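Proteins get letters first, then strands, A, B, ... in listed order; numbering begins at 1 in each. We use all heavy atoms of the structure for the numbers below, so side chains are in, but hydrogens, waters and symmetry mates are not. As the structure is a prediction and not an experimental result, all values here were calculated from the model.
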Amino acid sequence: MAERSFKKEVRQLRIGAGQEFRGEGILAVTKGLLQSGVGYVAGYQGSPISHLMDVLADAQDIMQELGVHFEASASEATAAATLSASVMYPIRGAVTWKSTVGTNVASDALANLASGGVTGGALVIVGEDYGEGSSIMQERTHAFAMKSQIWLLDPRPNLESMVKAVEDGFQLSEASSTPVILQLRIRSCHVHGRFIAKDNQRPAFSLAQALEQPARDVNRIVLPPASFLHEHEKVRDRWPAAVAFIRENGLNERFDGEVEDIGLILQGGLYNGVIRALQLLGLADSFGNSRLPLYVMNVTYPVIGEEVLDFCAGKQAVLLFEEGQPDYIEQNLHAILRKAGSATRLVGKNPLPMAGEYTTAVMRDGLQAFLARHAPQCLPDLEPHAPGGVSPQPAATVPAAAAPALKEQVVSFRRKVPPAVIDELGKVVPPRPAGFCTGCPERPVFSALTLAQEKLGQHHIACDIGCHLFSILPPFNLGATTMGYGLGASSAAAFNVPAAKRPIAIMGDGGFWHNGLASGLGNAVFNKHDGVIIIVDNFYSAATGGQDILSSRAANKHRSTNNPIEKAVRGVGVKWVRTLDRTYDVARMRATIEEALTTPEPGPKVIIAQSECMLNKQRRIKPLFRQAVKSGQRAVQQRFGVDPDVCTGDHACIRLSGCPSLSVKDSGDPLKEDPVAYVDNSCVGCGNCGEVSHAAVLCPSFYRADIVHNPGRWDRWADGLRRRVIGFLQARRTARLQRHSL
Amino acid sequence: MTSTAFSAGTPIKIAILAMGGQGGGVLADWIVDMAEHAGWWAQTTSVPGVAQRTGATIYYLEMIPEAAVAEAGRAPVLAMMPTPGDVDVVVAAELMEGGRAIQRGLVTPDRTLLIASSHRSYAIAEKAAHGNGIADPNTVISAGRQAARKFYCFDLQALADQAGSVISASLFGALAGSGALPFPRDAYEATISRGGVGVEASLRAFRLGLEAAERAPREPALLDLARPQAEIPAASGNPRTRALLDELRGFPAEAQPMLMAGLQRVLEFQDAAYAEEYLAHMRDIRNLDGQFGGPARHWALTTAAARYVAVAMAYDDVIRVADLKTRQSREERVRTETGVANGQILHTTEYMHPRLEEICGTLPASWGRAIEGSPRLVRALQPLFRKGRFVRSSGLTGFLLLYGLAGMRRFRRRTLRHQHERASLAQWLKLISDTVHHDYDLAVEVVNIRRLVKGYSDTHQRGTSKYQRLSLAASQLLGRADAAEQLRALRDAALADDHGSRLDRMLDGLLGRPGPINTEPRDAS
C-alpha cells in the first residue's frame, strides 16, 4: 500500500477524446501512455517519479481492461531489461525510474538494448532529480543518452507538451529502432495543469501473442559480429532516421520575435523559466509572446544541426540555456556552427553559470548580461521603481480591448529589505534537515547504536540509501559513507582485515531486495567478511512512498509478499543472524549490537531489525481504531508525556531520539532557565522516548498514558475503587503540604 | 518582421512555505480548486523529495483569469518556481519558515503580503541544545514588519487545534481574511466542502483563521518573552511561614521574586525548617553582596544565588520524584494534556530506572555507605538495578509504592544523598564567599556554574563532573582580570556536548592543564 493513494485521480485515465484532463504531470504522462497503446509498463519507484508507480499500481484495473501489463520491478536494471520485449516484437513498452541514480543501475541493460535496437517503441521515463529538493548527486542523464545513443526528450513543462512527448517518443523510437528517454524535471512531475485527452488505445500486438509466436534474430543480439554491425547501424541508419522524424514532425519548436539579430536556444524543460526571465525584463508576456525569437529543443539529443543553423542564420549572437554540466549541448552547437562556418556567436555557460539549478533569477541575470553585451537596445530601463509602482494588482477581468503595444512591466530586483535584517534572520532561522517521522521504528535502532558506541567506542559505519540514511543527520550524526541503493554492506567490503573494531554496515529492506542480498550479503559470506550488517526491515519501501516489496507483510492481490528477509539471508549462507521483531526495545537492540561487535564468531554478523513503518502503520490502523471506538468497542490508545517538574531540561532524551513529537517548551518555573522536554499531540505512543530513557538511564520524567475508550463494567468498577483510595491519600498529603506552603 | 504583440494579464503569484507533513500541499490544492471554480487558470508545483520527512519545503502557485487566457488566445506560460521580488502572497505555516521566506528574498515591501503562523515547531538543533537553544521569534516578527507590504502573524496552529482541525484550514481562513485574493468568502468555504474530508472541523478552523485576520492589527506586535516570576503573597496563615515572608521582605527588591520562588521550592521539597536554612544561607550571601558592591550591581550575586541555592537544596532524589509523580495536581495535568474525556479511563505508567547509587542514596547514611563500601554487596545487588522499571502509578500497588517513597521525606535529612548534597552545597557556598572577597563578577559566575548540575543518574553525574571541573577552574582563574568572562565562556563550552570534550580542550588551552579531572563520567558497572 503506497503512502499516497491515487484511486480517485486515476478515474481521469478513462476519459475519452475531447475531454479535458486536469491534474498532476505524472498522471497526465500515464494517460499519455494509455493513449499511445502501450503494451506493458514497468519501473522502480523513487522521487520524483514515485507517484507514477503509485498511479500505475492504483490504475491496475483500468490497465487490465486495456490489456496493459504492469510490473513493479525489483530494480531499475530489471525495468530496463523488461524493455527487451520490444526488441523482437512490435509492442510498445515504457519503464520509469528516478535519474540519474536509477539510470546508473539500469545502464548495463540500457546499453544492450540500445545496441541491438528495438522494433516496438521503447520509452524510458526518468524523473530527473536535480536542483532544489533533490536527494542525490547532481548529474545529468544526458551522458547516458550520448554514450548509448538513446534519444533524449526534454519537453516544455506543460501537460500538453508532456503528453505529446510520450506519443512522439514511441513514434520516434519505432521510426529509428532506438529506445527513447523522456526526461521529466522534478517540478514537471508535480505540476498541476490541463490538456485535452484522446481515447485510450489497446496495444495492437499483445505480449501473449508474442509468447505464442516467438521470434528471434541473432543480428539483434549483442554478440560479435552483430555488435560491431550495431555501431555502424546506429550512425548509418538510426541516426538519420531519427533526425528525419524529428524534423518532419516538428518535435522541436521555434517561436518568433520582433528582434531579429539575436535569439535564445533552450532545453524544452526550461521554457517556462526562460519566458518568466524574459517577462521580468519586459521582453515577454504571460502567454509566451516574446520579443526575442526562441528555438526550443524538446529533443535535446540528438541535436538537429540543420535546425540550429537555420535558427542562427542572420543572427549575430544566440544565448543557450543548458542546465547542468558538462555543457554537452553547448559543445555540440559550437561544433555545428564552426563546421558550417557560421559567424553567429554562441554564448552559454558564461554568463550563465556552469553548475547548479537554473532558477528564474539565475536565468534572468544571465539573460540580462547577454543582452547588455550583444543587444543593449533590448534592455529596459532597470532603475529601481518607486515603491508601490512596480506591479499593478492583477485584475480579475481583462479590459475588453487590450492595447496591441502593451509592454510587460519590468520587475526590479534590487533587494529592498535592509541587509541588516537579512543578516539577523540568518542568525536565528534554523536549518531543517529531514529526519525520522514521529514514531519511526528506525529511530530506536540508531539510539541503540549510539549507546553501543558510547560503550564500545566509535566505529566505521557504512550507510545506505533509504529513510535510515537520516541517521547521518542530527541528532544521531552516524555514518561515514553512502555509496548507492542496497550497497551499504558492499561499501564496507574493504574493511575485512583483522582490527580491534569491526565495521558496521546499514541496509534497508528496500535496498536489500534491490540488490543488497547478492552484492552485500552474498559478497560478505563469500569473502568471509567479519563485519556487522544491520538490515532495517520496516515492511515497505518506505523512503520512496511506502510501496510493497517482497518482505512486506500486507496481503497484496497482485504481488507475492511475506517472504522473510531472514530466510534469504540464511539462504545465502549467513550463520550469525539475529532477528529483532520490536525495534523499540532499545536495551535489547543495544545488547544485540554489542554482541555482534564482540562475538568471536567468524563471518558476517547480521541483525534484522523489524517494525512497521509508522507512517504506513498509522494510515492502516487509525481508521480501524476510529471505527472500533465508534462502534462502542473497548479500545486503548497510548501516548507519552513528560512531567515538566521532574524534567530538568538537559535534553539528553532529544539528542538520543529526535522524534518530531518530542519537543521543548518553557518550564513555567522561574527557577528553571532551560526549556523542558514536552511531548505534543502528534505522539503515536511508540514508546521510544521511554525506552531510551530506560536504556540510557536518563531521567524518570517520561510516562505512558493509556486512554481506555468505551471501558467495560469491570474497568469502571476497578477505576472507581482506585480513584477513591488514591484520591483520599492525595488529598491527605495536599492538606499536609499546604499547612506550610506559600 | 512585425512587432511582437503582447496580451494583457499578469498572474497572481503565491508561495507556501511549510514543513513536511504540515499540509502545505492540501492548502495549495484548495487554492487551485477555488481558483479553477472561479474561472481562473491555475498552476501549482512543488519539490517534495526528502523534505516530506520533516524538512522545509515550498509549494508555488500562479493563477490568471480565464478571461485573459481567452483574450490572449493561447495558454498562459506560468513559472515553476518563485522568483525573489516577484511574489504577491507568501503563506508560512510556521514562524521560522516565514523568516526563511524573507531570507530567500520572496517577501518584498512594495509587493508581498505575508501570512505567517506565529507558533513554533522547533528545529532539531534548537531542541537538542544542552541549555536553551530556542531562536528568538521576535527577530522574525520585526523582519516581517520591515520586509512585507502587509504582515499577518498570529498563532494559526492554536486556532486549528481549537477547532480540532489542521493548520492548512486555519491558514486558508487567514488567507481569506487578508483579502489577498479576489475571491469571496463563500468561494473558500465551498472549496473546503467539496474536499469532503473532515469538512466541519476544517470550516471551524477556517472561520477562526478568517476572523483573526480580519481583526489583525496593522502590524503584528512583538511577542512577550518575559519569564514568569513568582508572586509574593500579602500574608500567610501559618506563623512560621509568615516569619519567612517577613524576612524575605527585608531582602533587596531585585532579588525578592527569585527568593520567593526559591522559598516555595524548598518548602514543598522538605519543610519550614529547611526553608529557614535556605534563608539563612541567603542572608549570608546578601551580607557579602552588600559588603562587596552589590547595591551598585543590582544585587546580582544575591539574585543569582536565590535561584541556584534553592535548586541545590531541592535536589532531585527518589523521594522528590515519587512525590511529584503522586500529586493530585499532576494527575489533573496529565488528564488535560492527554485530553481524556468523561467516560474514558486513564492509566499512567512511569518509566523509572533507579540504580544502586540512588537506592543507597535513599537509605540512612551509614547503611548506604556500608553497601557502597562493600564490593561483595555491590556485586550482589547491582544486577537488581540493571533494568528499567515500569511503575503503574495509576494502579494501587504502584501508587502506594510511590506514595510510600514520597512519605520518606521525613527521613530525608538522614539519607546518604542528603549528606552528599549538604557537603557539596557547603563547599560551593565557601567558594562563593572566598571569591567575592577578591572578584565580585567571578563570584556571580561561580554561582551560575551550578546550572550545570541537573538531571538524574548518568546525566546528573555528567553535569556534576563538569561543574567540578569549572569550580576548580574558578579558583585557578582567580586574580585574572578576565576571570569572570573566561568562566562564562567555559560554562558555555560545557553546554556544547555531553562529555565536556570542548570544555576540556578549552581548559587545557586556558590553564595549560595536562588533562581533565574525569574523562569517563559514564559509570563502568
Correct closest heavy-atom pair for B:Ile134 and A:Pro675 would be CD1-CG, 3.9 Å

Check each atom of B:Ser142 against the heavy atoms of chain A and say whether the ones under 4.5 Å are side chain, backbone, both or neither. neither

Could you check whether A:Arg704 pairs with B:Glu350 (Lys NZ or Arg NE/NH1/NH2 to Asp/Glu carboxylate O, under 4.0 Å)? no

Do the side chains of B:Met80 and A:Val191 get nearer than 4.5 Å, heavy atoms only? yes

Contact class of B:Ala42 relative to chain A, heavy atoms under 4.5 angstrom: backbone

Under 4.5 Å heavy-atom distance to chain A, tell me which part of B:Gln328 shows up: side chain, backbone, both or neither. both

Can the ring centres of B:Tyr351 and A:Phe640 be said to be less than 6.0 Å apart? yes

Chain A contact via B:Leu400 - side chain, backbone, both or neither, heavy atoms under 4.5 Å: side chain

In terms of side-chain geometry, is the basic nitrogen of B:Arg451 or A:Asp674 positioned less than 4.0 Å from the acidic oxygen of its partner? yes

Quick check on B:Pro228 against chain A: is it the side chain, the backbone, both or neither that has a heavy atom closer than 4.5 Å? both

Heavy-atom cut-off 4.5 Å, strictly under: side chain, backbone, both or neither for A:Leu662 against chain B? backbone

Taking side chain as everything from C-beta outward and backbone as N, CA, C, O, which of these in B:Val334 sits under 4.5 Å from a heavy atom of chain A? Side chain, backbone, both or neither. both

Answer whether the closest heavy-atom distance between the side chains of B:Thr83 and A:Leu280 falls below 4.5 Å. yes

If only atom types and distance count, is the side chain of A:Glu424 paired as donor or acceptor with the main-chain N or O of B:Ala143 below 3.5 Å? no

Specify whether B:His353 and A:His694 have parallel, tilted or perpendicular ring planes, treating 30° as the upper limit for parallel and 60° as the lower limit for perpendicular. perpendicular

Check whether NZ of the Lys or CZ of the Arg B:Arg330 lies under 6.0 Å from the centre of the six-membered ring of A:Tyr703 and within 45 degrees of that ring's axis. yes

Side chain, backbone, both or neither: which part of B:Leu245 has a non-hydrogen atom closer than 4.5 Å to chain A? side chain

A:Lys427/B:Asp136 ion pair, N-O < 4.0 Å: no

Please look at B:Phe183 and chain A and tell me whether the side chain, the backbone, both or neither of the residue comes under 4.5 angstrom of a heavy atom of that chain. neither

Salt bridge between A:Glu673 and B:Arg227, side-chain N to carboxylate O under 4.0 Å? no

Given a strict heavy-atom distance threshold of 4.5 Å, which part of B:Phe399 is in contact with chain A: side chain, backbone, both, or neither? side chain

For B:Glu331, is there an ion pair with A:Arg723 - N to carboxylate O distance below 4.0 angstrom? yes

Could you look at B:Ile64 and say if it's the side chain, the backbone, both or neither that has a heavy atom under 4.5 Å from chain A? side chain

Checking heavy atoms, do the side chain of B:Glu337, its backbone, both or neither come under 4.5 Å from chain A? both

Whatever's closer than 4.5 Å to a heavy atom in chain A on B:Val140 counts as both

With only heavy atoms counted, which part of B:Lys325 is less than 4.5 Å from chain A, the side chain, the backbone, both or neither? side chain

Is there a side-chain contact between B:Glu97 and A:Arg432, using heavy atoms and a 4.5 Å cut-off? yes

Partner chain A: residue of B:Gly407, B:Ala310, B:Gly463, B:Pro257 with the largest heavy-atom pair count (under 4.5 Å): B:Gly407

Under 4.0 Å between a side-chain nitrogen and a carboxylate oxygen: does that hold for B:Arg327 and A:Asp645? no

Contacting moiety of B:Asp29, where chain A heavy atoms sit under 4.5 Å: neither

